[in-house]
Each structure stands twice: as C-alpha cells, then as structure tokens.
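For reference, the structure discussed in these notes is given below.
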Amino acid sequence: MSSHFSDKNIALDLVRVTEAGALAAARFFGRGDKNGADGAAVDAMAQAFSALNIKGTVVIGEGEKDKAPMFYTGQNVGSNNGVEYDIAIDPVEGTNAVAYGRPNALAVVGIAKRGCMFSSKSSYYCKKICVGAEAASVIDIDAPIDDNLQKVALALGKDIRDLNVFVLDKPRHTRLIAEIREAGARVHLHSDGDVAGSLMAVDPRCQIDMLVGTGGTPEAVVSACAIRGSGGQMLTKLDPQSEGEYNAILQEGIDVNLVRSIQDLVSTDECYFAATGISEGEILKGVRYEGNYAVTSSLTTRGRTGTIRYIEAWHDRIKLQSMSNLDLY
C-alpha cells in the first residue's frame, strides 16, 4: 500500500460517488422523509466509494449532528489501497430541502491529502463570510457587517444597493438580515444549503456576491475543498450554539475564538471536490427523469489547478439499477 500523493486527478471518480448519492436521495424528494433520503444516499455513496482505489478516512461527517444515517468519523472508505486521503462528506446537504421539496440540495464530497483537513468532532456551527476572488483580500469576519458590505461592493465595482448576499433563513440571523438591509444590500434568503451558498459566492456565473452568517462547521470544511484554488476566500470562526457544544470544543483543545481561513480548514492544494444536484438550484440542476434516463448535473473542482468542470450525465435507469442497489423507478 502506498501513502504518497499521486498526481492523478480523481475528481471525476468522486463525481460517480456524488451522482450515486443524488440519484438515491432524489427518490425521496418532497416525501417528508429526510432520514430516508439520507440513508439511501449513504448506502449508495458507500457502494460507489468501494470502487475507488484510495485509502480514505472520514474526518468530517454529518450524522453526529443530525442524528441521521451517516458516515462516521474514522470510517474507512475506498478500496483501502492506494493514496491516503481525508474525507469530508455530506450525502444530503439540505435534508429538509429534499424532504419538503425545496431547492439547492446537493450530494457533496471533499477530499484532501491525509492530515491536511481541519476536524472537530464537537463543533457543529461556525460563523462564515465567503466571497469570490475579486473581494478575497478585503473581508474581515470580526468587522461590522456594513463595513464588509462597503469593502466588497468597492472591490467588485458595485453600488452597495446592487450587492447580493446569501443568508440562511434562521432565527439566529434576524439581526444580521436587518443590518444588511439597513446598509442597502439585497438579502437572498435560503432555508438550507450553505455549501451551495458558498459555491454561489465564488461562482462567476452566479449573481450571489457574498455569503454571511452562521452555518455548519462540517459544511465549511467541505466548502473549503471546493473553493481552494478558485482565488475566493471564506473566513470562519466557531460559533457553538449551546454550552455543551462550547465545553466539548474546549475539551478537544480547539481555540473557539481563532479565525480560520480556507487555508486553515484545508491546508493543501492537493484537494478535490465533487457535488451533484438533488433538487433544482442556482448552481446545479436537480435529478430529473427523461424516459428511460435519469439525468444528473454535477461539478468538480481541483485545488491545485483551480479547474472547475460542469458535468451533465444521462444514466440508463435499467442498466444502472441492475448494476447497483439504486432504486431508479
């Protein structure tokens, strides 16, 4: 077994994993069963991972926070041969979006060379501010939001009234939303999906200029794999939502007050990311069915080159179902 890093671009291999998760979860769209969607995606992605010639270890999983079917921390994935990777995975990023028929649900995976991915078993939430390359050097997570808005608008050559800001529609953001509107910027509210929001903030095809607010710490690490190499930036600071979470983080020996950038969350350019749309969204289309085909929309990124690939795949439902455990009818 080899633990040295390979120059092989495995981003396309990862797409097969996220495609499997999206195809499995999509059968639960709008049915009110988020654990059913999660469980189906976990099983499908685990099967797809087994075909990859890697020695992967999950360091970021979602199950512990959501009490859902999960990839657990320390779980081995892949063939257990080849290059060693840290794995950050969210089989259904936006479980409520899938269950209740909302947009922007994704199946996502980020991987990085072993030992290069920030991990905390106890931190579920962190503050985030994320922008694309043009504004990467001007953001400050500790500054008032109106200061950040003014600097980002200036960097983008925009009037602040034309600035589009992604915020999760959560009670904890009531004051933040009011302050953004008072500053004159436009608030785009989304019930779920801050990985999707981070992707929107750095994607030149998307109207979103900035993501701000408190979201998932696991999602921040997954997003860092995606953004690394793009020139964009995301600053984070852990934001425990309970005393128990706060104390558990301290017991891990992790500094709650430290500002962490993308480079701190994923400390190598040798990283890859893949996402496949489950439900329709601004970044990726959701799974749709065209006769005998299931159609998926995916993207991949490679940290070292900054390359982004957008992939549409037409899957023969009969053949794929016969080769896997996927329920495609």
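The structure presented is a predicted model; accordingly, all values stated were derived computationally and were not measured.
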Which pairs pass side chain to side chain donor-acceptor pair (under 3.5 Å) with one or both residues in [range], sequence neighbours excluded?
{"range": "residues 177-187", "result": "Arg175-Glu179"}
{"range": "residues 42-53", "result": "Asn53-Ser79"}
{"range": "residues 137-155", "result": "Asp142-Lys237"}

Under 3.5 Å, is there a donor-acceptor pair between the Ser261 and Gln263 side chains?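 A donor-acceptor contact under 3.5 Å links the two side chains.
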
Side-chain donor-acceptor pair present, Ser279, Arg102, cut-off under 3.5 Å: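 No, no side-chain donor-acceptor contact under 3.5 Å.
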
With a 4.0 Å cut-off, would you call [X] and [Y] a salt bridge?
{"X": "Lys55", "Y": "Glu84", "value": "yes"}
{"X": "Arg288", "Y": "Glu312", "value": "yes"}
{"X": "Asp86", "Y": "Arg114", "value": "yes"}

Expected list for residues 160-172: side-chain donor-acceptor pairs under 3.5 angstrom, two or more places apart:
residue : atom : partner : partner atom : Å
Arg161  : NE   : Asp159  : OD1          : 3.1
Arg161  : NH2  : Asp159  : OD2          : 3.3
Asn164  : OD1  : His188  : NE2          : 2.8
Asn164  : ND2  : Asp162  : O            : 3.4
Asn164  : ND2  : Gln207  : O            : 3.2
Lys170  : NZ   : Ser191  : O            : 3.0
Arg172  : NE   : Thr214  : O            : 3.1
Arg172  : NH2  : Thr214  : O            : 2.9

Just do the side-chain hydrogen bond (donor to acceptor under 3.5 Å, both in side chains) check on Glu252 and Ser122 with the steps written out, would you? CA-CA 8 Å; Glu252 282 192 77; Ser122 305; 2.9 Å; yes

Shortest non-hydrogen contact from Pro218 toward Ile60: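 What the structure gives for the nearest pair is CB-CG2, 3.4 Å.
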
Identify the heavy atoms of Glu134 and Ala155 that sit nearest to each other, and give their distance.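 Between these two residues, the closest heavy atoms are O-CB, 3.6 Å.
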
Does atom CD (Glu290) have a neighbourhood of more than 12 heavy atoms from anything else shown, all under 6.0 Å?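 Above 12, so yes.
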
Hydrophobic cluster (4.5 angstrom, side-chain heavy atoms) - remaining members for Val15: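 Hydrophobic cluster check, Val15: joined to Leu12, Ile311.
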
Members sharing Trp314's hydrophobic cluster (side chains within less than 4.5 Å):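 Result for Trp314 is Tyr293, Val295.
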
